[in-house]
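Shown next, in structure tokens, is the structure this report addresses.
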Protein chains: 2
Amino acid sequence: MREFIEVLKNSALFEGTEEHEIISMLKCLQGKGKKYGKGEYVLRAGEMSVSVSILLKGRLLIQNDDYWGNRSIVNSIGPGEVFGEAYAVPAGKPVLNDVVAQEQSLVMSFDLSKILTTCPTACPFHSRIIKNLFFAVSKKNQLLVEKLWHISRRTTREKLISYLSQEAARNGSGSFTIPFNRQQLADFLFVDRSAMSAELGKMREQGLIEFERNKFTLLNKRVR
Amino acid sequence: MREFIEVLKNSALFEGTEEHEIISMLKCLQGKGKKYGKGEYVLRAGEMSVSVSILLKGRLLIQNDDYWGNRSIVNSIGPGEVFGEAYAVPAGKPVLNDVVAQEQSLVMSFDLSKILTTCPTACPFHSRIIKNLFFAVSKKNQLLVEKLWHISRRTTREKLISYLSQEAARNGSGSFTIPFNRQQLADFLFVDRSAMSAELGKMREQGLIEFERNKFTLLNKRVR
DNA sequence: CCTATTTTGTTGTAAATACAACGTCATCTT
DNA sequence: AAGATGACGTTGTATTTACAACAAAATAGG
């Protein structure tokens with residue numbers, strides 16, 4: 001339990017709060033933990049959801065299969081990250097994407113109305129949570145815009161460069177591990193896997209990058 | 001002035017509030033109005049911004065030009081819509097996109113901290129605004145996910161069908177006007193204008209759609 | 001340790017796209 | 001009214017992609 005409090009403390013939702021505050025807030029918010037096995041669905045597109053969740057352990061994929069089985073991946077969620085907030089609208093719109101556990105995962109969910117309705121007496125940190133929730137969605141928004149940036153590029157190579165550059169920047173290093181395998185990366189960038197694989201091969205040949213499985217290194221060669 | 005109160009009343013930010021409440025809140029929030037001529041920049045990528053804005057009149061484009069001059073359009077903003085919320089993070093990240101007036105426009109801006117900091121005495125509707133702001137970002141988030149849906153399609157035709165279908169659904173009619181000209185639509189869907197134009201022509205030939213300038217009609221012919 | 005399954009790379013081909021160039025028509029400006 | 005500018009459609013070509021098929025390598029499960 002203690003380790004999860006640590007995760008919560010570092011999550012966007014509880015930013016700026018102390019451990020003991022979190023513990024009392026968990027009671028106030030009535031957070032509920034739930035385990036999911038690999039491949040299990042945390043949320044299904046079409047469901048109604050009025051909860052906001054934090055991933056405590058594991059990894060989730062936010063994805064979408066169309067009628068013909070083509071899969072597109074919106075995002076990958078790691079420990080401490082908030083998800084589901086965007087669907088939690090008052091009108092009660094259905095969830096747009098599937099959320100699937102990529103490995104054994106532990107999720108803590110909060111009823112949105114419990115978060116948005118301040119309890120006047122017990123919980124002085126409540127308004128902080130509301131602001132944090134706003135910032136969390138705000139940040140998610142930015143991530144989506146950045147993703148648009150990647151896929152707005154016209155060629156597979158440009159998309160790869162855009163994505164890998166951002167990952168390098170985010171990790172503060174030219175060497176980093178991505179949360180996707182090849183097929184998932186292709187689904188994330190909306191390109192064909194085999195074509196992408198070929199392009200990666202060419203980029204390696206040309207000395208731009210090195211990689212092995214999902215570990216990539218950008219080399220000091222001027223790109224473009 | 002009165003007409004703008006009406007716009008505000010119908011905006012996501014002030015949903016559920018009455019006119020007289022809005023007037024008192026405007027004082028509390030110190031909203032500032034500003035005019036922009038056609039082509040003028042409301043926000044520039046790279047700027048710091050800590051404000052949330054509502055478009056009172058006109059139309060804005062959220063767009064992005066890369067180093068080589070390729071433009072991509074993230075969204076079109078109409079009267080009553082909220083924008084800029086996503087950049088208003090505490091850490092003070094730079095704005096990611098240009099916001100440009102497509103025609104003469106009137107914008108009202110609020111200091112984010114004024115919104116998030118509740119004034120304990122004067123303004124009982126303040127917490128409502130905070131929730132609304134959350135819902136507004138949340139909804140924007142959904143729009144982005146829906147946009148991802150469109151551009152995740154592989155061919156220009158599929159992207160067009162996806163986008164036009166959604167617009168038809170949104171308007172509750174097979175006939176509707178889009179807020180883009182051809183070049184802008186192409187930049188929005190991340191495709192080549194001429195190729196898109198050709199594809200639209202084919203779709204018209206095949207009896208799927210009709211269009212003239214930016215007025216489209218989806219015909220009752222099974223798509224796919 | 002062996003086998004089944006998954007992941008990744010490679011290649012060929014048909015299809016789709018980007019890009020450039022150009023003509024027509026509409027709109028704006030003076 | 002005339003010229004300039006912008007929007008739209010059309011066409012040809014080189015480039016890029018999607019798709020299918022297959023082999024090699026890695027991984028998972030018993």
Side-chain angles (χ1 to χ4, degrees), chain A residues 37-39 59 61 66 68-73 76 100 102-104 150-162 177-206 208-216 224, chain B residues 37-39 59 61 66 68-73 76 100 102-104 150-162 177-206 208-216 224:
Chain A
K38 180 176 177 177
R59 186 155 287 276
L61 284 181
D66 74 8
W68 295 272
N70 305 305
R71 173 163 297 169
S72 51
I73 292 180
S76 166
V100 185
Q102 206 181 351
E103 53 192 76
Q104 184 153 309
H150 301 145
I151 56 184
S152 73
R153 310 262 63 94
R154 295 302 164 83
T155 65
T156 299
R157 171 177 290 220
E158 283 179 326
K159 290 177 191 178
L160 282 168
I161 289 175
S162 179
T177 303
I178 65 172
F180 301 123
N181 65 27
R182 289 289 177 283
Q183 183 63 60
Q184 290 169 337
L185 179 57
D187 290 340
F188 179 79
L189 295 177
F190 303 149
V191 297
D192 182 69
R193 181 197 61 79
S194 63
M196 186 189 77
S197 226
E199 198 60 43
L200 281 172
K202 274 189 220 163
M203 289 166 73
R204 169 155 59 186
E205 249 177 46
Q206 295 168 14
L208 298 177
I209 62 175
E210 277 173 5
F211 58 89
E212 199 196 322
R213 310 296 273 187
N214 59 347
K215 172 151 173 45
F216 286 78
R224 266 177 180 275
Chain B
K38 179 176 177 177
R59 185 155 287 276
L61 283 182
D66 74 8
W68 295 272
N70 305 306
R71 172 163 297 169
S72 50
I73 292 180
S76 168
V100 186
Q102 206 180 350
E103 52 193 76
Q104 182 152 311
H150 300 145
I151 57 185
S152 72
R153 309 263 64 93
R154 294 303 163 82
T155 65
T156 299
R157 171 177 291 219
E158 283 178 325
K159 290 177 192 177
L160 282 168
I161 289 175
S162 178
T177 302
I178 66 173
F180 302 123
N181 65 26
R182 290 287 178 284
Q183 183 62 58
Q184 290 170 336
L185 179 57
D187 290 340
F188 179 81
L189 295 177
F190 303 149
V191 296
D192 182 69
R193 181 195 61 79
S194 63
M196 187 188 78
S197 229
E199 198 60 43
L200 282 172
K202 274 189 220 162
M203 289 167 72
R204 170 155 60 187
E205 249 178 45
Q206 294 168 14
L208 298 176
I209 61 174
E210 279 173 5
F211 59 89
E212 199 196 323
R213 311 295 272 187
N214 60 348
K215 173 152 174 42
F216 286 77
R224 266 177 177 275

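Numbers restart at 1 for each chain; the letters A, B, ... are given by sequence-line order, proteins then strands.
- Per the geometry, CD belonging to B/Q183 stands 9 Å off P belonging to D/dC8, to the nearest Å.
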Expected rows: protein N/O vs nucleotides 19-23 of chain D N/O, under 3.5 Å:
| residue | atom | partner | partner atom | Å |
| --- | --- | --- | --- | --- |
| D/dC19 | N4 | A/S194 | OG | 3.3 |
| D/dA20 | N6 | A/S194 | OG | 3.4 |

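- One atom, CG of A/L160, and another, C1' of C/dG9, lie 14 Å apart when rounded to the nearest Å.
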Anything under 3.5 Å between a protein N or O and an N or O of nucleotides 24-29 of chain C, put it in a table, one pair a line.
none

Inset, instruction - Show your working on salt bridge (charged side-chain N to carboxylate O under 4.0 Å, His left out) between A/E103 and A/R59 and close with a plain yes or no. - result: CA-CA 6 Å; A/E103 53 192 76; A/R59 186 155 287 276; 5.2 Å; no
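- For A/R71, the side chain to side chain contact (heavy atoms under 4.5 Å, CB included) criterion is met by A/Q63, A/D65, A/I73, A/D187, not counting sequence neighbours.
- Listed by chain and residue number, nothing satisfies the side chain to side chain contact (heavy atoms under 4.5 Å, CB included) test with A/K38 (two or more places apart in sequence, or in another chain).
- In terms of position along DNA chain C, the nucleotide closest to A/Q184 lies nearer the 5' end than the nucleotide closest to the other residue of the pair B/E199 and A/Q184.
- Between its opening and closing five pairs, the helix from C/dC1-D/dG30 to C/dT30-D/dA1 changes axis direction by 60°, a value rounded to 10 degrees.
- In terms of heavy-atom proximity, A/G201 sits nearest to A/F211 at N-CZ, 4.3 Å.
- Distances were taken from every side-chain heavy atom of B/F211 (C-beta onward) to each of C/dT8, C/dT11, D/dG9; the shortest belongs to D/dG9.
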Legend entry - Stepwise side chain to side chain contact (heavy atoms under 4.5 Å, CB included) test for B/I161 and B/H150: CA-CA 8 Å; B/I161 289 175; B/H150 300 145; over 6 Å; no
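- Looking at B/R213 and B/R182, their side chains never come closer than 4.5 Å, going by heavy atoms from C-beta outward.
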Inset, instruction - Would you check, one step at a time, whether the test side chain to side chain contact (heavy atoms under 4.5 Å, CB included) holds for B/N214 with B/N181? - result: CA-CA 6 Å; B/N214 60 348; B/N181 65 26; over 6 Å; no
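- Put simply, CZ on A/R153 is 18 Å from P on C/dT17, counting in whole angstrom units.
- Contact annotation: B/T155 does not reach the phosphate of C/dA16 (side-chain N/O to OP1 or OP2, under 4.0 Å).
- The CD atom of A/Q184 lies 9.0 Å from the CD1 atom of A/I178; values are rounded to the nearest 0.5 Å.
- Both A/E212 and A/V191 lie near DNA chain D, and the one whose nearest nucleotide falls closer to the 5' end is A/V191.
- The two residues A/I151 and A/K159 make their nearest non-hydrogen contact at O-CE, 3.7 Å.
- With D/dA7, C/dT11, C/dG9 as the choices, the nucleotide that has an atom nearest any side-chain atom of A/S197 turns out to be C/dG9.
- Atom C1' of nucleotide C/dT5 and atom NZ of A/K38 are separated by 11 Å, given to the nearest angstrom.
- Checked against side chain to side chain contact (heavy atoms under 4.5 Å, CB included), A/S152 has the following partners two or more places apart in sequence or in another chain: B/S72, B/F190.
- At least one side-chain heavy atom of A/F216 sits less than 4.5 Å from a side-chain heavy atom of A/L200.
- With rounding to whole Å, A/K215 atom NZ is found 18 Å from D/dA26 atom C1'.
- Heavy-atom minimum distance, A/S162 versus A/R153: CB-CG, 4.2 Å.
- As a whole-Å value, the separation of B/K202 NZ from C/dA15 P is 12 Å.
- Atom CZ of B/R157 and atom P of D/dA18 are 18 Å apart (whole Å).
- Counting to the nearest Å, the P atom of D/dT27 and the CD atom of A/Q102 are 15 Å from each other.
- Ranked by how close their nearest DNA chain C nucleotide is to the 5' end, A/A198 and A/F180 are led by A/F180.
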